[in-house]
Amino acid sequence: MEPTTSRRDFLRVTAIAAAGIPLARPLIPSIAHRVTPTTIRQEKKLGFVLIGLGRLSTRQLAPALQKTKYCRLAGIVTGTPSKAATWKERYGIPDGSIYNYDTMERLADNHDIDVAYVVTPNALHARDAIKAAKAGKHVLCEKPMEVSTARCEEMIAAVKAAGRQLAIGYRCRFQPHHLEMLRLAEEKYFGDVRLIESAHGFQIGDPSQWRLNRSLAGGGPLMDVGIYAIQSAEMIARQYPITVSGMTTTKSDPVKFKDVEESMTFELKFANGISASCTTTYKVNGLDRTTAYAEQGSFGLAPAFDYVGIKGWRSDGRALDIPEVDQFAAEMDDFAECIINNRPTRVPGEMGLRDVRTMMALYESARTGRAVTLA
Ligand code: NAD
């Protein structure tokens, strides 16, 4: 079947090239990317369908879509009819673009939708991403990519077979303070970074939520928010870790945390000699920071991982103070640009897979009491 966006995109890109406007330079598939300048113009925004209308979709993604340059909310997938009615009214979504999890296959007939954004519980990401890919849609999938490496691989294969792009919702890769951390590390502003400390956690409420259910979440705070500490360390180190070790804490509430870890401390060792010490928790509030220690100074963010209000510092007293952007809007616009310009995303499925592999290795380490080396 003819890709739904390719001809339109080809015409756009051709028109841009003919007008002498440079296309975005192709990105080297590396994990250390800066923001590339926006170089596209287009007459029509890409249509996004949100799959799963929970808190993230409702409070962040739908409002962020209204702020994007290249995207628009064009459809929804929900299992709750009352949500469909509310969203239809609020965002003017046509009846023909409202689906439930059983009718999603019909997305294949909807040429108003280019991208499916998967925002369901972690262990449902593969189910939804694969259906969307089979319907010919590009896929943006929330973190963590899935709960096993096998499922991540299935997602990558399905999107590849469909000839579409797959990106993971690593919003901090588009956040200016995090990008400045990357720049300071990459340019060795304070010399070589040697050590990183990163922590993210919060006190979880409702004991019945899916985040505490291993079959839907895949794990506890490590999978949910510890992944931000891993991502930050990877961004500063500009590599994936090669050896990891983890230790879960003794559970203070074994009933609430019967299925998943309550807190975890872990170490990541990188081939370039950098080591990261990280912590994650569902037990207490206030863990929200990342720090890079280099040979002649240090720099960091605290809070580091919130949606707004990120604050940076540098040991030389100079400001690490940058205007913020809507991270979700930036992430979605970047994916749209990747699709339109046919360039690789800086947050590909392979990155999501690698992080799931790292987290599985951390759980193995916590179980066995041994460090685990990743291939
Ligand atoms: P949520 O519980 O608020 O929403 C989940 C949605 O999935 C709900 O609408 C629910 O009805 C739907 N759903 C479909 N099938 C379900 C099932 N079998 N069981 C439970 N719910 C089901 O969760 P959320 O906070 O919106 O998180 C959704 C995803 O987004 C998760 O993967 C999470 O890790 C990710 N997330 C990312 C960020 C970020 O900053 N990037 C922030 C929050 C959540």
Side-chain angles (χ1 to χ4, degrees), residues 48-65 76-87 98-104 116-132 139-148 151-152 155 167-175 178 200-202 204-232 259-260 280 282 288 303-310 324-332 334-335 347 349 351-352 355-356 359:
F48 275 57
V49 59
L50 290 178
I51 303 177
L53 305 182
R55 287 206 317 184
L56 186 68
S57 287
T58 306
R59 297 183 187 179
Q60 306 301 329
L61 301 182
L65 274 161
I76 50 175
V77 177
T78 176
T80 314
S82 61
K83 284 190 193 170
T86 308
W87 280 64
I98 299 175
Y99 302 86
N100 62 43
Y101 296 98
D102 298 322
T103 61
M104 264 179 71
Y117 197 158
V118 178
V119 205
T120 42
N122 307 343
L124 304 178
H125 289 179
R127 175 196 75 176
D128 299 333
I130 291 169
K131 274 190 191 170
V139 178
L140 178 53
C141 177
E142 260 312 325
K143 46 54 59 181
M145 184 170 173
E146 246 291 352
V147 302
S148 73
R151 290 206 197 162
C152 295
M155 291 164 74
I168 307 303
Y170 286 137
R171 59 184 166 78
C172 293
R173 295 260 169 192
F174 306 90
Q175 204 284 336
H178 284 271
H200 195 21
F202 68 99
I204 202 158
D206 178 9
S208 68
Q209 64 186 286
W210 66 262
R211 280 182 167 79
L212 294 167
N213 173 345
R214 177 172 292 278
S215 64
L216 281 171
L222 177 66
M223 300 287 287
D224 192 25
V225 285
I227 192 170
Y228 286 91
I230 294 173
Q231 270 281 312
S232 176
D259 234 11
V260 301
T280 188
Y282 270 164
D288 192 349
F305 304 114
D306 291 356
Y307 301 146
V308 290
I310 310 297
E324 294 197 78
V325 299
D326 184 309
Q327 300 170 41
F328 295 102
E331 163 203 292
M332 289 188 275
D334 186 82
F335 192 42
V347 285
M351 179 182 276
D355 289 345
V356 170
M359 292 187 288

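Each ligand, and each atom within it, is numbered from 1 in the order the structure gives.
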Please examine the side chains of [Y] and [X], heavy atoms only from C-beta on, and report whether any two atoms are closer than 4.5 Å.
X      : Y      : value
Asp224 : Phe202 : yes
Leu212 : Asp259 : no
Leu140 : Phe48  : yes

Yes or no: does [X] have any heavy atom under 4.0 Å from an atom of ligand 1?
X      : answer
Gly79  : no
Met223 : no
His125 : yes
Tyr101 : yes

Inset, instruction - Taking all heavy atoms of Ala116 and all of Ile51, pick out the closest pair and write down the distance. - result: CB-CD1, 3.8 Å

Legend entry - Cys172 versus Phe305, closest heavy-atom pair with distance: SG-CD2, 4.1 Å

Legend entry - Worked check of side chain to side chain donor-acceptor pair (under 3.5 Å) between Glu142 and Tyr117: CA-CA 8 Å; Glu142 260 312 325; Tyr117 197 158; 2.5 Å; yes

Legend entry - N or O contact, Val119 vs ligand 1, cut-off under 3.5 Å: no

Tell me which protein heavy atom sits closest to [atom], plus the residue, atom name and distance to 0.1 Å.
atom                    : value
atom 37 (C) of ligand 1 : Glu142 OE1, 3.1 Å
atom 17 (C) of ligand 1 : Leu124 CD1, 3.7 Å
atom 3 (O) of ligand 1  : Arg55 N, 2.7 Å
atom 10 (C) of ligand 1 : Lys83 NZ, 4.6 Å
atom 32 (O) of ligand 1 : Asn122 OD1, 2.8 Å
atom 21 (N) of ligand 1 : Pro121 CG, 3.4 Å
atom 23 (O) of ligand 1 : Trp210 NE1, 3.5 Å
atom 40 (O) of ligand 1 : Arg171 NE, 2.7 Å

Is the contact between [X] and ligand 1 made by the side chain, the backbone, both, or neither, using heavy atoms and a 4.0 Å cut-off?
X      : value
Gln209 : neither
Arg211 : side chain
Tyr228 : side chain
Leu53  : backbone
Thr80  : neither

Inset, instruction - Using a strict cut-off of 4.0 Å, indicate which atoms of ligand 1 neighbour a heavy atom of Thr120. - result: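 Matching atoms, with element in brackets: 7 (O), 28 (C), 29 (C), 31 (C), 32 (O).
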
Inset, instruction - State the atoms of ligand 1, each with its element, that fall below the 4.0 Å cut-off from a heavy-atom position in Tyr307. - result: 40 (O), 42 (C), 43 (C)

Legend entry - Shortest heavy-atom approach to atom 35 (C) of ligand 1 - which of Lys143, Met145, Gln327, Arg59: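 Result: the heavy atom closest to atom 35 (C) of ligand 1 is in Lys143.
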
Legend entry - Option of least heavy-atom distance to atom 26 (O) of ligand 1 (set: Asp206, Leu56, Thr78): Leu56

Inset, instruction - Give, for atom CZ of Arg214 and atom CG of Asn122, the distance between the pair rounded to the nearest 0.5 Å. - result: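 It comes to 12.0 Å.
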
Legend entry - atom 29 (C) of ligand 1 protein-contacted, heavy-atom criterion under 4.0 angstrom: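 When distances to the protein are checked, atom 29 (C) of ligand 1 has a heavy atom within 4.0 Å.
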
Within the side chain of [X], is there an N or O that forms a donor-acceptor pair under 3.5 Å with the backbone of [Y]?
X      : Y      : value
His200 : Ile227 : no
Thr78  : Ala84  : no
Thr120 : Gly52  : no
Arg171 : Glu331 : no

Legend entry - Criterion side-chain contact (heavy atoms from CB on, under 4.5 Å) on Met351 and Arg173, from CA distance to verdict: CA-CA 12 Å; Met351 179 182 276; Arg173 295 260 169 192; 3.7 Å; yes

Legend entry - Candidate pair Leu56 and Phe328, rule side-chain contact (heavy atoms from CB on, under 4.5 Å), full reasoning: CA-CA 10 Å; Leu56 186 68; Phe328 295 102; 3.7 Å; yes

Inset, instruction - Flag this pair as yes if the NZ/CZ of Arg59 is under 6.0 angstrom from the six-membered ring centre of Tyr307 and inside a 45 degree cone about the axis; otherwise no. - result: no

